[in-house]
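The structure under discussion appears below in the form of structure tokens.
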Amino acid sequence: MLKTLERMHPDLICEVLPGRFRSETEGQLGKLGYKFAWIRDGKLVPMQKLRPDTQYRDPNFYFSIHL
């Protein structure tokens, strides 16, 4: 998958839960130039650091090199 991300840079939507691979996700995708936004109430909220929703209401994030 890493080679596909490096070569094609697809946009991703991914569920990010508290305490689950947050730093690894942020680090690996960040190295490839990805930025991310929290998907909250149907809108993208750009973020500098992944901060998962501890209430588990809005766990999805959008990752893209185009943000």
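The first residue in the sequence is number 1, and the count goes up from there.
Rounding to the nearest 0.5 angstrom, the gap separating the OG1 atom in T54 from the CG atom in L17 is 11.5 Å. Distance NZ/K31 to CG/L5: 13.0 Å, rounded to 0.5 Å. Taken to the nearest 0.5 Å, the NZ atom of K35 stands 13.0 Å off from the OH atom of Y62. Taken to the nearest 0.5 Å, the CZ atom of R7 stands 11.0 Å off from the CG atom of L2.
In the hydrophobic cluster analysis, where Ile, Leu, Val, Met, Phe, Trp and Tyr join through side-chain heavy atoms closer than 4.5 angstrom, L44 is grouped apart from L50. In the hydrophobic clustering of ILVMFWY residues, with side-chain heavy atoms under 4.5 Å counting as a link, L32 and I65 come out together. Linking ILVMFWY residues whenever their side-chain heavy atoms come closer than 4.5 Å, directly or via other members, leaves M1 and M8 in distinct clusters.
Each of F61, F63, F36 was checked for a side chain to side chain contact (heavy atoms under 4.5 Å, CB included) with C14, and the lone residue meeting it is F63.
With hydrogens and angles disregarded, a donor-acceptor distance shorter than 3.5 Å links the side chain of D53 to the backbone of D58.
Summarising the geometry of S64 relative to Y34, their closest heavy-atom pair is N-CD2, 3.5 Å, with the distance given to 0.1 Å. The shortest non-hydrogen separation linking V16 to P52 is O-CB, 3.4 Å.
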